[in-house]
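Have a look at the structure below, then the notes.
For the numbers below, each heavy atom of this structure counts, side chains included, while hydrogens, waters and symmetry mates do not.
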Amino acid sequence: MTTHFITAEIDLQETPTELQQAIETELKKQGEALRWAITSVDEEQQKATVEAVVTTVSVE
């Protein structure tokens, strides 16, 4: 198992629930999220920056 720190940009959504779902969907592409946080929001570009720690399974 390997741990990675990642940053992702997510389009802002209509509701907080939709935003959370969009974040979790994007993070699942990278692995299993241990924790994540929205660290900044660009209102002009309608983007949220998310930082996360994810784990992936090593294939040996």
- Query: Side chains of Ile38 and Ile10: does their closest heavy-atom pair fall under 4.5 Å?
  - Reply: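 They are not in side-chain contact.
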- Got Asp11 and Gln13 here, is their nearest side-chain heavy-atom distance under 4.5 Å? yes
- What are the two closest non-hydrogen atoms of Thr56 and Gly31, and how far apart are they? CG2-CA, 4.0 Å
- What are the two closest non-hydrogen atoms of Gln46 and Glu43, and how far apart are they? NE2-O, 2.6 Å
Measuring from atom [atom1] of [X] to atom [atom2] of [Y], what distance do you get when rounded to the nearest 0.5 angstrom?
X: Asp42; Y: Leu12; atom1: CG; atom2: CG; answer: 8.5 Å
X: Lys28; Y: Ile23; atom1: NZ; atom2: CD1; answer: 13.0 Å
X: Thr25; Y: Gln20; atom1: OG1; atom2: CD; answer: 10.0 Å
X: Arg35; Y: Phe5; atom1: CZ; atom2: CZ; answer: 7.0 Å
X: Glu26; Y: Lys29; atom1: CD; atom2: NZ; answer: 4.0 Å
X: Thr55; Y: His4; atom1: OG1; atom2: NE2; answer: 8.5 Å

- Query: Linking I/L/V/M/F/W/Y whenever any side-chain heavy atoms sit under 4.5 Å apart, do Leu19 and Val50 land together?
  - Reply: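 Yes, Leu19 and Val50 fall within the same hydrophobic cluster.
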- Under a 4.5 Å side-chain heavy-atom rule over Ile, Leu, Val, Met, Phe, Trp and Tyr, are Val54 and Trp36 clustered together? yes
- How about Glu51: does its CD atom have over 12 heavy atoms from other parts shown lying under 6.0 Å from it? yes
